[in-house]
Amino acid sequence: MSIEGTAILVIFVAVLTAFTLIVRHLYRVMMKGKPEDRFSRWPDRVKSVLVFVFGQARVLAQPAGIGHFIIFWGFIFITLGTLENILSMIIPAFSYSRFIGADAAGIIVLLQDVFGILVIGDIIVSLVRRFFFKPLRLESDDPKTTEEAVFILALIFVLILLMYGMRGTGILLEPNRYSRLYAPFSFYASNIISHWNINMHLANRIFTWCHHLIIFFFLLYIPFSKHIHILGAIPNVFFRNLGPMGTLSRMDFEDEDAEKFGVSKLTDFTWKQILDLYACTECGRCQAACPAYLTEKPLSPYRMIHHLRGELMSERKMILADGETPDIVPDTVTEDEIWSCTTCGACMQECPPFIEHVQKIVDMRRYLVLTESRFPQEMQPVFRNMEVNYNPWAFGYASRADWLDGLDVPLASDKKRFDVLYWVGCVGSFDSRGQKIARAMIELLKKSGVDFAVLGVEERCCGETARRMGNEYLAQMLIEGNIDTLKKYQFNRILTTCPHGLNTFKVEYPQFGYEKPVVHHTQFLLELVREGRLKVKGELGHDWTYHDSCYLGRYNSIMDEPREVLALVHGRDGKEFERNRKRSFCCGAGGGRMWMEENTGTKISEARLREFVEIGSDHLYTACPFCMTMFEDAAKVMDREDIEVEDIAEALVKVT
Amino acid sequence: MKIITLLKRVPDTEARILINQEGTGIREDGLKYVINPYDEYAIEEGLKVREKVGGDSKVTVVTMGPEEATELIRTALAMGADDAVHIVDPLLENAGPFTSAAVLAKVIEEEGFDIIFCGKQAIDDDMAQVQTILAEMLDIPQVNVATEFELSDDGKKAVLSRRIEGGDEKYETALPAIISCEKGLNEPRYASLPGIMKAKKKEIRKKTLADLGFETKPQGGRAEIVRWLPLPKSGECKIVEAEELQDAVKELVRLLREESKVL
Ligand SMILES: Cc1cc2nc3c(=O)[nH]c(=O)nc-3n(C[C@H](O)[C@H](O)[C@H](O)COP(=O)(O)OP(=O)(O)OC[C@H]3O[C@@H](n4cnc5c(N)ncnc54)[C@H](O)[C@@H]3O)c2cc1C
Ligand code: SF4
Ligand code: SF4
């Protein structure tokens, strides 16, 4: 073997060994996390990787993603070329064409050649974008982020130039090495280089070695930079949550000697949550979609993940040694950040490597509420009321069914067997605006002759809010109480007007052993109309706009039904918000935010209502009592009480 | 330092209260009970004093009430109280303030005390008597309706404020003393989950009248509740509607004359 071959072999093996050790180290750090089961449904997991890693499906959801697509595939093809070159230095006659034939190998060469140029263009565009357009999603409080990004882009830029240098000089030294057809840009490079007055052989070796050394450097640098996502993202997509979005883990309170609940240290996270930290690409898409961030709250999901990763990287040795690490709450993620989240899920919807932000935030809330009993003061009465009177407000539980007076509504306790259980919910039962929606629902149910019943005073808060506020103990008390009641009756479906209740019954009650089909009233009403049980007699004929509630659209993919009902009511299609359907913008009420003060920045609900005003539509419709309350309040504050916000049921009742 | 905090089980502030048919008390079916809200301030203040003094200070909760009060005592223990005495005796049902105070005084003397915190009133029958009778029986000073409390460094005295119309009254009292607590004194804490778990193992000493050496229910109060009555029904509002104002006035006059007979 030549001296050069031996040298590259030694370095190559050394670098690969070091790289393997680093990866093993990161893996061991990750496995210090708590257990979590992500091992079911292998075919779906493989498919996820194909679609979202190799297909870059989420990355491409935004135009800037094309840039990443190019770099990703460019990286793959160019690395193949690098590997071939290194191997040929070690084993002289090595080449891919021997194994796959000249044409297939030629295509790889062509792809390398073309992607090289694309990557160069891409880097220029990226830099221009970062520095001249300053997109919102790249805003960061850590100057190192930009430095790193520029350093890496510059390095790739140099790598590509070296690649063309290598190939250009190669062609000059050995004209038959590539066919012109497969390496047009390399031939172009060789043309330029041929005018230089240099020793071609020496130049070729210098280009080659510089290129390979940079690649080796890259391999060792990646795990400690933001490009760690090259290692983290693929497994993270593989192990992604394949179930319903944002389902919270069930906590176990069996251990009576437990001193701690929730997450306050990195190692309280599960291994998958730690893998999430390795996977972040720092693209900032989550931040650009986050209602908290966009209304000047202290939270940015991107920043949170970035800071958690920073902490993980600086504590990783301590973690491996099972030593004492600092608290991440509130040192790395502040309490204000933790309480700012509406759990709207917009971040998770955008995130290309499927990082799960909401569970982390709720886990930290769980720590604050359950272990430390530390939370915004206004939450205490809410917890108390839920505990004592099973609703978030200070209403006696016995008055839960007062709104039914004079309506002649069947109670489950009288009927025992019926088709549909109408879950009225706390807002429907106590809030005067919510009661109007509930009355419209009752009217529609009666008109269409549905065999239904309500629970009346037996109904308790569904527990969704308490759960997302981090009070898992209270949530489980409510859930278990409700399950006991629900099990007493025989019925086929639960009908809710509240997306939060819907989501909780659908995906969270099963964690506690209760499964029952659930429908949202928008689905149910459309069903009644389609079956002819509800007759639409005429049209209102106004312009209308529908606001997708996070827990209905994003979480449960119920987006067409409400629109179809409204199209029937008005006899025309709606005027859409710019951010709609899965990309809708939160009203600000989720995650228990409805019961917390919103004193920082713009009110989320006002930001959204302003978007509505800009559309210039007559009617704003919601299908969530929380959204309704938020928009009505916002309209008052903005002195725009003329804006009429209505529920789908209220609209439909007018034309049936 | 031995800190006693009194806790009474009362119907929830939002509960719908109905008088029973015999007029001897309220209907208890479907009622939710809570810790008397003012007693929560007492518990919180007791805990704060213990935290300040440290050492082997102890907060003991004392409750006289039915068996079901146990659940609420556990809440106080979950907040951080060390142990509790629970006096349960059927004879004490609907006990008046004098009886309550006599029983509580006995327990408190047995337990020993440096300071007693209680609520300014129990929100069920709003008597606000127990603390005063108790102070007399124990022969110690009392400060009522406290909105500020500050223990001296040697633990022998306390400085207090009471919010009165247009200002604050400052007091200094020697200890032991009984302090009745008002809203604003502190923010009662929300029990943490480890606190709730620990509370399950804390001691609640149950006692009957006999255990305390009483042969019968202690009596001596001069006042007695004779009967409970519901609030008189507030009159119904009638809106007189008519096409013409004149007709409305006519109808109004007729109603005033014939129905309510005020004219
Ligand atoms: C429906 C009902 C049923 C009851 N049943 C029983 C029963 O079966 N057995 C029984 O023993 N008692 C029972 N009680 C409790 C007992 O009747 C009261 O303790 C007594 O009436 C004194 O209350 P008060 O309103 O005069 O207190 P107030 O003088 O208004 O109370 C002032 C403060 O004194 C303290 N205090 C008062 N009472 C107590 C107490 N009981 N324990 C600890 N601290 C106290 C509290 O700090 C309170 O804030 C019952 C009460 C009600 C409302
Ligand atoms: S769930 Fe919504 S509010 Fe919370 S971090 Fe994600 S985008 Fe922001
Ligand atoms: S968490 Fe996801 S969306 Fe946010 S910056 Fe990281 S990779 Fe991008």
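Because the structure is a prediction, the values reported are computed rather than measured. Throughout, protein chains are lettered first and strands after them, A, B, ... in sequence-line order, and every chain is numbered starting at 1.
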Checklist entry - Side chain, backbone, both or neither: which part of B:R16 has a heavy atom under 4.5 Å from chain A? => result side chain

Next on the checklist: Quick check with a 6.0 Å cut-off and a 45 degree axis cone: is B:R9 positioned over the face of B:Y33's six-membered ring?
Outcome noted: yes

Next on the checklist: Heavy-atom pairs under 4.5 Å with chain B - which of A:V457, A:N385, A:L370 has more of them than the others?
Outcome noted: A:L370

Checklist entry - So does A:K436 have more than 12 non-hydrogen atoms from other groups sitting under 6.0 Å from NZ? => result no

Checklist entry - Are B:N186 and B:E45 close enough that a side-chain donor and a side-chain acceptor fall under 3.5 Å? => result yes

Next on the checklist: How close do B:Q121 and B:N36 get, counting heavy atoms only, and between which atoms?
Outcome noted: O-ND2, 2.8 Å

Tell me, for [X] versus chain B, whether the close heavy atoms (under 4.5 Å) come from the side chain, the backbone, both or neither.
X: A:A258; result: backbone
X: A:Q377; result: side chain
X: A:F253; result: both
X: A:F395; result: backbone

Next on the checklist: Do A:T343 and A:I361 have side chains that approach each other closer than 4.5 Å (heavy atoms only, starting at C-beta)?
Outcome noted: no

